[in-house]
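Each ligand, and each atom within it, is numbered from 1 in the order the structure gives.
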Amino acid sequence: MAERNKRALLDLLKRPENEVCADCGSTEPDWASYNLGVFLCLDCVGVHRMLGTHISKVKSLRLDNWNDDQVEFMAATGNESAKMKYEQYVPPSYRRPTHRDCQVLREQWIRAKYERNEFMDVERQSYLSGIKEGLLWKRGKDDSKFQQRLFMLNEKENVLKYYVKRDANQPKCSINLSEVNATFCPDKIGNPNGMQLSFIKDGSTRNIYVYSDDGQDIVDWYNAIRSANYNRLKTAYPGASDDDLNNKLTRDYKIEGQLYKTGPRGTGFKKRWFTLDDRRLMYFSDALNAHAKGEVFIGYKGDGYNIREGFPQGINQVTNSFPFTLVTPDRDYYFCAETKQDQEDWINMFRKTIDRVLYPQDQCVAAKFVHKRNKPLQGIVSIKNKLT
Ligand SMILES: [Zn+2]
């Protein structure tokens, strides 16, 4: 009987709806929640276990024994009908995580679905209200200490601001909400609920690093920012589909990490933290700096941009490193990666970027950089250019 049930379960897994994990979409789910009726991957089962058996009871499809009733329930439910129930009212702006996303996004998605039943009742979706306030731990601009600050988001006033003291009259910083990008960066901050807010101020990128003690709260902040962006874009582009808009609400960085870079003459390598934000390559002396030391626009290959492994003759690489050259119309940039894998990842991402034609908004950014060419070269293009 055990064998028959196991076979029946593996047959259910062959149904198209059950071929991927119900929560993160990863392939070959080997587990299931037998009271919710969903097929799951190992990572998501880890989260389901955290919820407790009063919410979700999990079993391995291959390693555990299943009785007839449990198999029948799985056959009668499955990922599709569970989705119709638990994901009935997922807002179009809500970030649906995949297996590649950070733990807090995946965990809160699962908790929102099955523990808080957030998507069965729109009244529970507080991040759609256009107003949010609360305390977040914020990293000091010039020191590395995190201190609690009162943050306020107001969609109608198009503002995100924070206060040093609760009863202060003036906010310490007030930002146009429409210019804020939010992305999770748990590794960089060293906190599972770490989030990076960035915006352009006085022509350069300003980064603010925050986290909350509670995972739900930081994901609510994130989705409140996405919801505000969605409503603004929906008004500006009434014909755009939700899928199109959804990709524009927040940007995750294409690639980030340590590289060695040098000046235009190829001497004196320094270790820097690099971030590729769409077509903007920024570098920092420290990953958590408030401001980039410099920014480089990465254009289209037809306009004189190229990426190559290795260095031209006469340029010496850092010992035991993996060199590559970024060619731009202004000058060549010499980088050394610490591992072969890093070198490949960066080259691949640069190649993807220069292979992609420019959107109208990219042209606008590019024009600001090109303008700079009339001035003497000073290493990486100055961040003083206003990027809009
Ligand atoms: Zn999963």
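- Every residue two or more places apart in sequence or in another chain was checked for a salt bridge (Lys or Arg N to Asp or Glu O under 4.0 Å) with R272, and none qualifies.
- Judged as a salt bridge (Lys or Arg N to Asp or Glu O under 4.0 Å), and not counting sequence neighbours, D332 has no contacts.
- Within the cation-pi definition used here (under 6.0 Å to the ring centroid, within 45° of the axis), K172 does not qualify as a partner of Y162.
- With sequence neighbours excluded, no residue forms a salt bridge (Lys or Arg N to Asp or Glu O under 4.0 Å) with D213.
- The side-chain tip of K59 points at the ring of W66 from less than 6.0 angstrom away and within 45° of straight on.
- Excluding waters, the count of protein N/O/S atoms less than 2.8 Å from the Zn ion (ligand 1) comes to 4.
- The closest side-chain heavy-atom distance from L136 to D217 is below 4.5 Å.
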